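What's counted below: heavy atoms across the whole structure, side chains too, no hydrogens, waters or symmetry copies. The structure presented is a predicted model; accordingly, all values stated were derived computationally and were not measured. Residue numbers start from 1 in every chain, and the chains themselves are labelled A, B, ... in the order their sequence lines are given, proteins ahead of strands.
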Amino acid sequence: MSSARPEYGEEELLASVMADLIGDVRLVAVGAASPIPATAALLARERGGGRPRVSLLQSRKHNFFTDGGVELFDCAGQGRVDVFFLSGAQIDGEANINLVCIGDPSRPTVRFPGSFGSAYLYYVVPKVILFRTEHSRRTLVPKVDFISAPGTSPDNVYRPGGPVALVTGRCLFSFERRKRRFRLESIHPGHTLAEIEEHTGFAFDRADEVAVTPAPSAETLRIMREVVAPEVAEIYPHFAAKAFRIGAAA
Amino acid sequence: MSSARPEYGEEELLASVMADLIGDVRLVAVGAASPIPATAALLARERGGGRPRVSLLQSRKHNFFTDGGVELFDCAGQGRVDVFFLSGAQIDGEANINLVCIGDPSRPTVRFPGSFGSAYLYYVVPKVILFRTEHSRRTLVPKVDFISAPGTSPDNVYRPGGPVALVTGRCLFSFERRKRRFRLESIHPGHTLAEIEEHTGFAFDRADEVAVTPAPSAETLRIMREVVAPEVAEIYPHFAAKAFRIGAAA
Amino acid sequence: MTVIAERLEDALARISDGCMLAAPNESAGVSMEATRALIRRGIRRLHLVALPTSTLQADLLIGAGAIATLETSAVSLGEIGLAPRFTAAVKSGAIVMKDATCAALYAALQAAEKGIPFMPLRGLIGSDLARYRPEWRVIDNPYGHDDPIVLLPAIKPDVALFHAPMADRAGNVWIGRERDLAILAHAAKATVVTVERLHEANLLDDPVLAAGTLPGVYVDAVAVAPRGAWPLGLPDHYTADMAHLADYARLAATAEGFARYLGEHVDVKRAA
Amino acid sequence: MTVIAERLEDALARISDGCMLAAPNESAGVSMEATRALIRRGIRRLHLVALPTSTLQADLLIGAGAIATLETSAVSLGEIGLAPRFTAAVKSGAIVMKDATCAALYAALQAAEKGIPFMPLRGLIGSDLARYRPEWRVIDNPYGHDDPIVLLPAIKPDVALFHAPMADRAGNVWIGRERDLAILAHAAKATVVTVERLHEANLLDDPVLAAGTLPGVYVDAVAVAPRGAWPLGLPDHYTADMAHLADYARLAATAEGFARYLGEHVDVKRAA
């Protein structure tokens, strides 16, 4: 860790980046096993004085849906879910994501859990933020082995939603739907362009000079640690213990 | 009124006839403004020791649906509703029912409330019992002016349900779907075949000798008056006051 | 965020002339207080979707000249008899009547709820209702053989309006088992609710209350209107005022009598 | 009428070899007690539909050789990691895996709930999921112009099986806001439920409890199984036994370890 590096953890930086990506919207939903997106959503809500509304599907307290698991999908179909987060075992340069397998699906060499809600939500949620902390040629590939959900669709396919960005442990990409390509927007402090080029399996656009991802402000860090961290700890105790050094006996 | 006539009212007779028509089934539903069918359903439940289950849509206490008004229709679509009751401003000899209007629907000469659930339930509930106390050439017509729901459908139309009987103030008809005709099954005590022929606007089949509708047994009358009548009075106080001479200040 | 309106009239601001307004029937919770306020405001050209039927609400709006199109499965005053202004308006052609059947209205609103353009439904074929609804298309079921089935296009109301027992300050509304209210709110672009009272705690904090709660995310505005369903009833709270409804039926039998009813019961706001 | 079974095994009698069994995920209420009882009985060739995902239940049934076909959107052990028996069985081809996505499973079960042969759904086009599901047909939306949309055939399970907080003696089951359980029960031909406890009064008599109650008309059998979701959690009642699940993950990494787990935790019934 460089001595110039400010006092925050990687999780705090990524949550801060994602919270900025959320922007001024009405409703953010966060799926299961997504502690950094959950942190980002709660941070955005806290900074917005209660806006956006946030539904953490894995939480009892922070999930306002009352119509069962189907309600998230209906709500998204109605156009009410502004932001959702998706990950991928593989993500390719056209923002296709693979959550299923490598090899023949009936006899795969590697099997992942499955597509979850991706093959619907990726199409109908206007701002899908992709996240994958592991930034490697294993995860960011030229072409996914199985398309759980495609990054873009032909013009005649109903698709009000799709990817807007990809946040990794090394950088932030934006996604340009028209060009079907990622664009490197900023490099996280402590990382380099050369390193990103080495570890990314797909080609991407960039400016000649790529910005450094801004560090979280002191106020953002304060809110995240004092208000958001205890909320996150109720759902993800192990994560919170590591990211915020709080709670969790384990 | 003939001196031989047993001590029961017309409503009690009709409810008894309908209760017998219900038979041994799992679930009977009764719509709004249907006091005699409601009496029949509760009578059938009482005589069956709790079977069939009964849902009176107009009642809070005797309506077990908890998923809103849509649940009756979904439940019927699932094939779970065995018996339902429908009426018609007009009913014709092919069991078509009209609940909408007489004349051009955009400028009718007579307008009725509307089709309610008929254009769906008539198709999917196996035993639909038609009821119309007023038995006249005004109500039982050669051909309805507007088909809210048809009595039969072409063979290729999905139709697990349909009419099985028509109960009027004068008699009981069965309905033969294959022949698309009513058959006079029995004439209520105090009424005559000549009278029925005079007041029925459509042709119907009958045996050479038509039976007399059996009077309700003493036990049926006892259950109806002691157990069912107070339940009906909670929903239809005016009806119960008239039919059973109980309850209702009005 | 849901607005908890001080004045009912403020909550109703988003219900504009010419909009498609959706409402439940009286067994679920009709906001008669809001209906009277809209008439006082002089609302016009509504396309009213009544799920699945209506009673006084439609009749009153029709009599007041507020409705251009009515889409529902039946209008009557229940045990009291026919709905006089509805009957007169259909016979004179003063309103466009889109006759439906209950299950078809549910399915079309649930299509909007699910964000799909249409919903298939059994039944309907051979009913004259379908003759007057060219938008109900018959297709051959792709999973059958010579099996015609009707498709119903989604109904997406501009605003859903209903009355419920209570809401909290976050805009969550307790609807109990009246799930029709949830279908309406999910299907509509905006939802306005009147309630008997405000519940001070968050309804979602209690798992038993949460089971009957419509989340505030669907609710744009809430106003408190005690006995706001009157003279209709509110399930588990109060029954319909049958004497008043009988008076209404008598007066509304003529245009003059209806005008007198408006003067007595609508033009002047009830004391709180 | 609903049977309130004295013995769990009696309630499970209608779940037969080769049937299509539908179950919710752990956030709604999985009957692990019934799952263990079915494995003890030696159930075989199940077509398990897990709405919309599964964890330990699918993994345990797969490891025990009870599953022929699995239809769901994902199987894992959540934060603990991959589901070992699922992963091994898919890789070896021991089960037929019908990969879905959550919204498609809901829509197909809701088609059964509504008694319609199919449901349209947005999304899906261009996903490789659709490549392996020839029954997902693409049609041109009749209400659009050059607007392809997927149709999903109804899924009608033979039996729905889940765990809930309580039931009454009439067979009404309190499910709270876990409406997925209602979708399953509505869609399935029969429903078997385990509950934490019996509620002595009729759940429908209390309007607040009624709002979260599945009526007994859908429920064929109920058995009491305290902590019946263990080692998974039951919302608002108890959380998952993470230490036990971690032990499971470790053991189930090998066929031998899994057999040992079965011997220790499944073959012998838990003390009540």
Side-chain angles (χ1 to χ4, degrees), chain A residues 22 24-30 41 44-84 117 119-126 128 153 156-162 231 234, chain C residues 1-4 22 107 109-119 154-160 164 167-191 201-220:
Chain A
I22 287 171
D24 181 35
V25 295
R26 284 168 45 118
L27 174 54
V28 178
V30 182
R45 181 172 75 180
E46 197 59 35
R47 292 197 306 205
R51 177 185 164 101
R53 293 183 195 258
V54 171
S55 209
L56 308 182
L57 302 182
Q58 196 150 342
S59 161
R60 203 68 180 165
K61 190 168 165 190
H62 298 284
N63 179 356
F64 56 72
F65 289 128
T66 58
D67 208 22
V70 72
E71 191 172 5
L72 166 67
F73 303 99
D74 286 354
C75 198
Q78 293 151 25
R80 291 183 213 268
V81 179
D82 300 304
V83 179
F84 194 72
Y120 182 72
L121 294 174
Y122 209 27
Y123 295 77
V124 297
V125 174
V128 175
S153 298
N156 67 334
V157 171
Y158 178 85
R159 182 141 198 190
E231 296 175 335
E234 286 179 31
Chain C
M1 303 290 102
T2 311
V3 173
I4 311 294
L109 284 157
Q110 287 181 306
E113 182 178 44
K114 291 203 77 64
I116 52 181
F118 60 87
M119 183 82 88
I155 296 175
K156 294 185 206 178
D158 294 305
V159 187
D168 65 24
R169 294 188 182 278
N172 303 305
V173 179
W174 193 80
I175 60 172
R177 73 198 112 159
E178 305 313 328
R179 309 288 308 175
D180 289 11
L181 306 181
I183 293 175
L184 288 170
H186 294 169
K189 292 173 203 141
T191 292
N202 189 308
L203 286 162
L204 299 179
D205 287 348
D206 174 341
V208 177
L209 287 173
T213 296
L214 173 74
V217 67
Y218 302 100
V219 181
D220 296 81

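- Residues of residues 51-66 of chain A that come within less than 4.5 angstrom of chain C, heavy atom to heavy atom, are A:Arg51, A:Arg53, A:Phe64, A:Phe65, A:Thr66 in numerical order.
- For A:Val70, the part lying near chain C is the side chain, with the backbone staying farther off; criterion is any non-hydrogen pair under 4.5 Å.
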Cut-off 3.5 Å, no hydrogens considered: what does the side-chain donor-acceptor table look like for residues 205-212 of chain C, sequence neighbours left out?
from     : atom 1 : to       : atom 2 : distance (Å)
C:Asp206 : OD1    : C:Val208 : N      : 2.7
C:Asp206 : OD1    : C:Leu209 : N      : 3.4

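- C:Lys156 is linked by a salt bridge (Lys or Arg N to Asp or Glu O under 4.0 Å) to nothing, counting only residues two or more places apart in sequence or in another chain.
- Side-chain atoms of A:Gln78 never come within 3.5 Å of backbone atoms of C:Gly115 as a donor-acceptor pair (strictly under, hydrogens ignored).
- Proximity to chain A (any heavy atom under 4.5 Å) is restricted, for C:Ala188, to the backbone atoms N, CA, C and O.
- Residue C:Ala154: no heavy atom, backbone or side chain, is found under 4.5 Å from chain A.
- For C:Tyr218, the side chain to side chain donor-acceptor pair (under 3.5 Å) partners at least two apart in sequence or on another chain are A:Glu71.
- Here CG of A:Asp74 is found 9.0 Å from CD of C:Gln110. Values are rounded to the nearest 0.5 Å.
- No part of C:Ala182 comes within reach of chain A, as not one of its non-hydrogen atoms sits under 4.5 angstrom from that chain.
- Contacts with chain A were tallied for C:Met1, C:Lys114, C:His186; C:His186 has the most, counting heavy-atom pairs under 4.5 Å.
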